[in-house]
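The structure under discussion appears below in the form of structure tokens.
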Amino acid sequence: MKAYLFFKFKEGTTPEQIKKIEDAFSALPSKIEQIKGYEWGLNNSPEGLNKGFTHAFFLTFENEEDRAIYLPHPDHKAFGAVLTPYLEDVFVVDYWTQE
């Protein structure tokens, strides 16, 4: 199972605050064993179609049960507390890869 998360930050969010969020999210795979794969990056599309979403995060889980453990996990909830004050919007897509 794959999960893509896209973040759009509130106007006025500083680079230091965004770095804190990036670091906090990047720490989750070492805290939550159900995360089997993790990567992230910044939008760099020249098309201008990102609608203000600047950050993309990609998580991999072995199955839906692992995702179900991740969602209410205390470390995931703690990350949410770091993120929420600065988050303008989030877009999430969970899916199974089609063969």
Side-chain angles (χ1 to χ4, degrees):
M1 169 161 277
K2 313 289 185 185
Y4 274 106
L5 299 93
F6 303 93
F7 294 164
K8 178 183 196 179
F9 294 105
K10 291 179 182 176
E11 188 174 326
T13 302
T14 67
E16 294 80 17
Q17 291 164 329
I18 291 173
K19 174 77 167 110
K20 181 179 173 183
I21 292 163
E22 293 167 350
D23 291 346
F25 205 160
S26 294
L28 289 181
S30 67
K31 297 177 179 182
I32 304 173
E33 66 181 87
Q34 287 76 20
I35 299 172
K36 300 303 180 194
Y38 170 81
E39 60 185 59
W40 76 276
L42 298 174
N43 175 56
N44 65 7
S45 173
E47 296 178 292
L49 301 174
N50 64 309
K51 298 184 183 204
F53 289 88
T54 57
H55 287 64
F57 296 88
F58 178 61
L59 302 173
T60 303
F61 302 96
E62 283 188 12
N63 51 51
E64 291 182 32
E65 292 79 18
D66 282 355
R67 180 186 59 181
I69 293 168
Y70 161 78
L71 290 172
H73 192 284
D75 288 312
H76 180 229
K77 294 296 186 185
F79 167 72
V82 172
L83 172 65
T84 300
Y86 309 106
L87 189 65
E88 171 83 18
D89 201 359
V90 61
F91 180 70
V92 178
V93 176
D94 293 351
Y95 66 96
W96 285 107
T97 304
Q98 300 298 310
E99 303 279 326

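Phe91 and Ile21 fall into different hydrophobic clusters, where Ile, Leu, Val, Met, Phe, Trp and Tyr are joined by side-chain heavy atoms under 4.5 Å apart, directly or via other members. Linking ILVMFWY side-chain heavy atoms closer than 4.5 Å, directly or via other members, places Leu87 and Phe25 in a single hydrophobic cluster. Follow the hydrophobic side-chain contacts under 4.5 Å out from Trp96 and you reach Leu71 in the same cluster. Cluster membership for Ile69 and Val92, using ILVMFWY side-chain heavy atoms within less than 4.5 angstrom, is not shared. One hydrophobic cluster, built from ILVMFWY side chains closer than 4.5 Å, holds both Val90 and Val82.
Applying the salt bridge (Lys or Arg N to Asp or Glu O under 4.0 Å) rule to pairs touching residues 69-95 yields Arg67-Asp94, sequence neighbours excluded.
The structure places CG of Leu83 at 10.5 Å from CD1 of Ile18, a figure rounded to the nearest 0.5 Å.
Not counting sequence neighbours, the partners of His55 by the side chain to side chain donor-acceptor pair (under 3.5 Å) test are Glu22.
Counting all heavy atoms, side chain and backbone alike, Glu62 lies closest to Asp66 at CB-OD2, 3.7 Å.
Crowding of Lys20 atom NZ: a count of heavy atoms from other residues, nucleotides or ligands under 6.0 Å not exceeding 12.
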Distance-only criterion, 3.5 Å: show the donor-acceptor pairs between side-chain atoms of residues 31-39 and protein atoms not counting sequence neighbours.
from  : atom 1 : to    : atom 2 : distance (Å)
Lys36 : NZ     : Glu33 : O      : 3.1
Tyr38 : OH     : Ser26 : N      : 3.4
Tyr38 : OH     : Ser26 : OG     : 3.0

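With hydrogens and angles disregarded, no donor-acceptor distance shorter than 3.5 Å links the side chain of Lys2 to the backbone of Thr97. With hydrogens and angles disregarded, a donor-acceptor distance shorter than 3.5 Å links the side chain of Ser30 to the backbone of Ala27.
Thr54 is listed as a side-chain neighbour of Phe9, based on a closest heavy-atom distance under 4.5 Å.
Each of Trp40, Tyr70, Tyr4 was scored for a side-chain contact (heavy atoms from CB on, under 4.5 Å) with Leu59, with one residue passing: Tyr70.
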**Prompt:** Given the rule in the side chain to side chain contact (heavy atoms under 4.5 Å, CB included) test, do Lys8 and Phe53 qualify, once you have shown the distances and angles that lead to the verdict?
**Reply:** CA-CA 4 Å; Lys8 178 183 196 179; Phe53 289 88; 3.8 Å; yes
